[in-house]
Enquirer: 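This is the structure I want to talk about, given as structure tokens.
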2 protein chains.
Amino acid sequence: MKARTTAQAGKERGRPKRSLRTTALDRRAQLIEATMTVLIEHGFEGLRTRRVAEQAGVNIATLHYYFSTKEKLIHGLADYLGERFRTLHAPGPPRARNPGLARLRQEFADAAFYWEKNRKLLLVMQELIHRSRRCPEIDRVLQSLLAEWRRELESLLRDGREEGIFRPEVSPAEGAALLTTAMMGLLGSPDLFDIVFRALERALVKPEVLEQNEEKKDGGSDHS
Amino acid sequence: MKARTTAQAGKERGRPKRSLRTTALDRRAQLIEATMTVLIEHGFEGLRTRRVAEQAGVNIATLHYYFSTKEKLIHGLADYLGERFRTLHAPGPPRARNPGLARLRQEFADAAFYWEKNRKLLLVMQELIHRSRRCPEIDRVLQSLLAEWRRELESLLRDGREEGIFRPEVSPAEGAALLTTAMMGLLGSPDLFDIVFRALERALVKPEVLEQNEEKKDGGSDHS
DNA sequence: GGAATTATTGATCAACTGATTGATAAAATA
DNA sequence: TATTTTATCAATCAGTTGATCAATAATTCC
């Protein structure tokens, strides 16, 4: 039950050089990763520093060496998650010259991809969203992320509307609100993904466009 | 704690026995009310039996007298909330002979009413929804509630479609999924209530119906 | 090689937490 | 009235939890 049991998880003492700086960053990342694992299993209600340390294979004191308090660990997690979502979402160089419908579907595909391949990230995000109600620091991070997402969607909808693909009576702001809200709600019942996506598409896209798109339906759906 | 207690069926004794039985029920209700208060302020992460007891103005031991464990208290809360939502939602005597659009708007009005006048209930519900992921007992209660709600919405949408008010291309199941999902999402950003409701209306109702309804937008009471 | 810095650990603390116990009113019952 | 049941509380227990500290190993720097 003593410490040595956990030793094999990490790097061994005599191991060749890795600069300390890098080690420190690795450790932090490793601790945050462990935090996510524990968080998914137990939620914030059952998040214990001891569990996180054990999950990471280090002593509690080591955890406190990198994150002096539990709150700092949580905020570190929030920041990390913000980065991950931003880079995986990557508005980056505007892939604007896509047809509006394809971009919308890309958005849906992104969501499905998150659920299928990056579920862990989504589950942790859900926990953070819930906690953000009582934690201004987390709220700041998430609000900025959400605002960014909404802006992106609005621009998508605006372009598609000018293009004549989306219903003109639905304003971009309205459409973006509907999209974000529905997708947040989908976090709670992901089995409705497909059906809700279809409904959202119908709500936003002109019927003619959908029909004519239905005929030539064979589109490959992913870009990496 | 004896087995003897099972014998007490004598309800129609001449005595006006308001005290003990009533007291016990009151205490339980009071403890559950206190639980809601603490839960809203601190979430499950900060839900402590001591805090609940203090909020209710009783000793911890008294709390444990009525709810032997914390879990039982939480399940009691879940059951109570289920009842509250069912009675306030009250599918009851089918108010069916309303025009579909009015019924849909009534659904929105219900949601808005919850938010304005019964926010506490909604906030606690949100906490329970979140916890239901890791608690089968709570999940059962909420799933049945959700299923009921969805059925109600589907019937509403089916009737309205037959009536020729809703878009025929949106199936009732699809519409209900969109509605429930969006409304769950709205719990997280209630400031979008109005705009999302408008979007949902547009997504479900035939454009003509909306337009013609827009003109005479002050004819309040409706009898068919 | 040796000092300074970085990284890790076992042990431990003080406060907290869910739950129990024994005593004891208060009410119901016979 | 006497006895049993119901309801409440102060005190306390055993285990948990976030955090600290002194000791020490590993790495970097001179």
Side-chain angles (χ1 to χ4, degrees), chain A residues 1-31 34-35 38-39 42-76, chain B residues 1-31 34-35 38-39 42-76:
Chain A
M1 52 185 78
K2 289 306 174 66
R4 286 291 153 216
T5 49
T6 60
Q8 57 107 315
K11 55 222 316 23
E12 283 307 321
R13 292 291 140 77
R15 224 66 187 102
K17 53 167 56 296
R18 257 208 191 141
S19 92
L20 273 181
R21 193 99 78 186
T22 306
T23 297
L25 287 182
D26 281 356
R27 201 47 109 198
R28 290 180 74 91
Q30 179 192 12
L31 284 167
T35 305
V38 176
L39 198 52
H42 299 99
F44 277 105
E45 188 183 349
L47 182 67
R48 300 290 174 258
T49 53
R50 276 172 170 78
R51 268 199 263 251
V52 172
E54 183 189 24
Q55 175 71 31
V58 300
N59 190 284
I60 317 169
T62 300
L63 186 153
H64 276 96
Y65 178 76
Y66 289 99
F67 300 95
S68 59
T69 68
K70 189 183 176 183
E71 280 298 289
K72 291 225 174 81
L73 174 65
I74 293 172
H75 297 160
Chain B
M1 52 179 95
K2 296 296 178 58
R4 280 289 160 81
T5 43
T6 56
Q8 36 86 308
K11 212 163 185 192
E12 40 275 15
R13 277 287 163 76
R15 297 313 176 95
K17 51 11 180 119
R18 52 125 186 285
S19 348
L20 269 184
R21 187 100 87 185
T22 307
T23 297
L25 287 181
D26 280 356
R27 199 51 107 195
R28 289 180 74 91
Q30 178 192 13
L31 283 167
T35 306
V38 176
L39 198 52
H42 299 99
F44 278 103
E45 188 183 349
L47 182 67
R48 301 289 174 260
T49 52
R50 276 172 169 78
R51 266 198 265 250
V52 172
E54 184 189 23
Q55 174 71 32
V58 299
N59 190 282
I60 316 170
T62 300
L63 186 153
H64 276 96
Y65 178 77
Y66 290 98
F67 300 95
S68 59
T69 68
K70 189 183 176 183
E71 281 297 288
K72 290 225 175 81
L73 175 65
I74 293 172
H75 297 161

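Chain A is the first sequence line, chain B the second, and so forth, proteins listed ahead of strands; every chain is numbered from 1. The figures that follow rest on heavy atoms only: side chains count, while hydrogens, waters and symmetry mates do not.
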Enquirer: Check whether any side-chain N or O of A:Arg27 sits under 4.0 Å from OP1 or OP2 of C:dT8, and answer yes or no.
Expert: yes
Enquirer: Here's a test of your reading of the structure: between A:Tyr66 and B:His64, which maps to the more 5' nucleotide of DNA chain C?
Expert: A:Tyr66
Enquirer: Take atom CD of A:Glu54 and atom C1' of D:dT16, then tell me their distance rounded to the nearest Å.
Expert: 14 Å
Enquirer: Side chain of A:Arg50: nearest nucleotide among C:dC13, C:dA19, C:dT9?
Expert: C:dC13
Enquirer: Rounded to the nearest 0.5 Å, how far does CZ of B:Arg51 lie from CG of B:Leu63?
Expert: 14.0 Å
Enquirer: Determine whether any donor atom in the side chain of B:Arg48 lies under 3.5 Å from an acceptor atom in the base of C:dG18, or the reverse, and answer yes or no.
Expert: no
Enquirer: How long is the line joining CZ of B:Phe44 and P of C:dT17, in whole Å?
Expert: 16 Å
Enquirer: Pick from A:Leu73, A:Thr35, A:Ile74: which one makes a side-chain contact (heavy atoms from CB on, under 4.5 Å) with A:Phe67?
Expert: A:Leu73
Enquirer: OP1 or OP2 of D:dG18 less than 4.0 angstrom from a side-chain nitrogen or oxygen of A:Thr49, does that happen here?
Expert: yes
Enquirer: Using atom NE2 of B:His42 as one end and atom C1' of C:dT17 as the other, report the distance to the nearest whole Å.
Expert: 15 Å
Enquirer: Any base atoms under 4.0 Å from B:Leu47, or only sugar-phosphate, or nothing? Heavy atoms, all strands.
Expert: sugar-phosphate
Enquirer: Evaluate the side-chain contact (heavy atoms from CB on, under 4.5 Å) criterion for residues B:Leu47 and B:Lys70: first the C-alpha distance (whole Å), next the side-chain angles of each, then the deciding distance (0.1 Å), finally the verdict.
Expert: CA-CA 9 Å; B:Leu47 182 67; B:Lys70 189 183 176 183; 4.2 Å; yes
Enquirer: Nearest 0.5 Å, please: how far is NE2 in A:His64 from NZ in A:Lys72?
Expert: 10.0 Å
Enquirer: Take atom NZ of B:Lys70 and atom P of D:dG15, then tell me their distance rounded to the nearest Å.
Expert: 19 Å
Enquirer: What nucleotide, of C:dA7, D:dT8, C:dG18, holds the atom closest to the side chain of A:Tyr65?
Expert: C:dA7
Enquirer: Measuring from atom CZ of A:Arg48 to atom CD1 of A:Ile60, what distance do you get when rounded to the nearest 0.5 angstrom?
Expert: 12.5 Å
Enquirer: If the cut-off is 4.0 Å, is B:Asn59 near the phosphate of D:dT8, judged by side-chain N/O to OP1 or OP2?
Expert: no
Enquirer: Distance check needed: C:dT6 C1' versus A:Asp26 CG, whole Å only.
Expert: 15 Å
Enquirer: Which one, D:dA19, D:dT12, D:dT20, comes nearest to the side chain of A:Ala61?
Expert: D:dT20
Enquirer: Name the closest nucleotide to the A:Ile60 side chain, picking from C:dT9, D:dC9, D:dA19.
Expert: D:dA19
Enquirer: Between D:dT20 atom P and A:Leu63 atom CG, what is the distance in whole Å?
Expert: 12 Å
Enquirer: Provide, to the nearest angstrom, the distance between the CZ atom belonging to A:Phe67 and the P atom belonging to C:dT8.
Expert: 12 Å
Enquirer: Kindly say if A:Thr62 contacts the phosphate of C:dA7, meaning a side-chain N or O under 4.0 Å from OP1 or OP2.
Expert: no
